[in-house]
Amino acid sequence: MAAIEIVQGDITSLEVDAIVNAANRTLLGGGGVDGAIHRAAGPELLEACRSLNGCRTGEAKITPGFRLSARYVIHTVGPVWHGGDRQEEQLLAACYRNSLELAERHGLTSIAFPGISTGVYGFPVARACPIAIGEARGFLERTEMISRIVFCCFSGADLDVYRKNLAAEQ
Ligand code: ADP
């Protein structure tokens, strides 16, 4: 049975086929989860990213995971939050959808997401979380390839938001 899981911790330690990176449009590294993933994967990741020529907001690109437990990293670029009237919600949904579709095209069965855009990019987690869960649910209904979608929350406060949103679905 396909499952959505919520965990709290460092996404770089997860044993899944792919972890998703909340990258910026250059794909050449940054702070937050992006910095943590590059540090854990090693310098080969930056080399691989250089050949990708960046990534548009809402789109996703894939590289190997190098020194990570995860075999792949899917890099997606979330929208910067400007108050909600600049297509931020649609762009965030596109990040989740395009990452899941890319994973499926590579035959992957498990994937872990951080809270894309909810750090430095300022997207309120209370608005981002239902989008993330909604895209995951919709995807699991459409496909059989992916059997495990993990939402990795860095903070306890974020974990609570995800728990409440999942509970509200029951
Ligand atoms: P963005 O620029 O897309 O907002 P950030 O990296 O600033 O990206 O933050 C995205 C989310 O990732 C935030 O919820 C932040 O707390 C979380 N985060 C930061 N480091 C890690 C990590 N090592 N593992 C999982 N999540 C992380």
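The shown structure was predicted, so the numbers you read here are calculated from the model rather than taken from an experiment. Every number for a ligand or one of its atoms is a count from 1 in the order of the listing.
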Taking side chain as C-beta onward, heavy atoms only, is [X] less than 4.5 Å from [Y]?
X   : Y    : result
E59 : T76  : no
S99 : F113 : yes
T12 : L68  : yes
E44 : R67  : yes

Pair E169 + R137: basic N to acidic O under 4.0 Å
yes
Show the atoms of ligand 1 that are less than 4.0 angstrom away from any heavy atom in [X].
X    : value
A36  : 23 (N)
A22  : 3 (O), 8 (O)
D158 : 14 (O)

Judging by distance only, is a nitrogen or oxygen of [X] under 3.5 angstrom from one on ligand 1?
X   : result
V33 : yes
D34 : no
I11 : yes

Which residue and non-hydrogen atom of the protein lie closest to [atom], and at what distance in Å?
atom                    : value
atom 13 (C) of ligand 1 : T118 OG1, 3.7 Å
atom 17 (C) of ligand 1 : F154 CB, 3.8 Å
atom 23 (N) of ligand 1 : D10 OD1, 2.9 Å
atom 10 (C) of ligand 1 : G115 O, 3.3 Å
atom 7 (O) of ligand 1  : V120 N, 2.9 Å

Strictly by salt bridge (Lys or Arg N to Asp or Glu O under 4.0 Å), give each pair with a member in residues 20-32 just once, sequence neighbours left out.
none
Among A128, G9, S117, closest by any non-hydrogen atom to atom 3 (O) of ligand 1
S117
As an exercise, state the distance from CG of D34 to NE2 of H75, rounded to the nearest 0.5 Å.
8.0 Å
Hits for side-chain contact (heavy atoms from CB on, under 4.5 Å) against F154, two or more places apart or cross-chain, chain-then-number order -> none
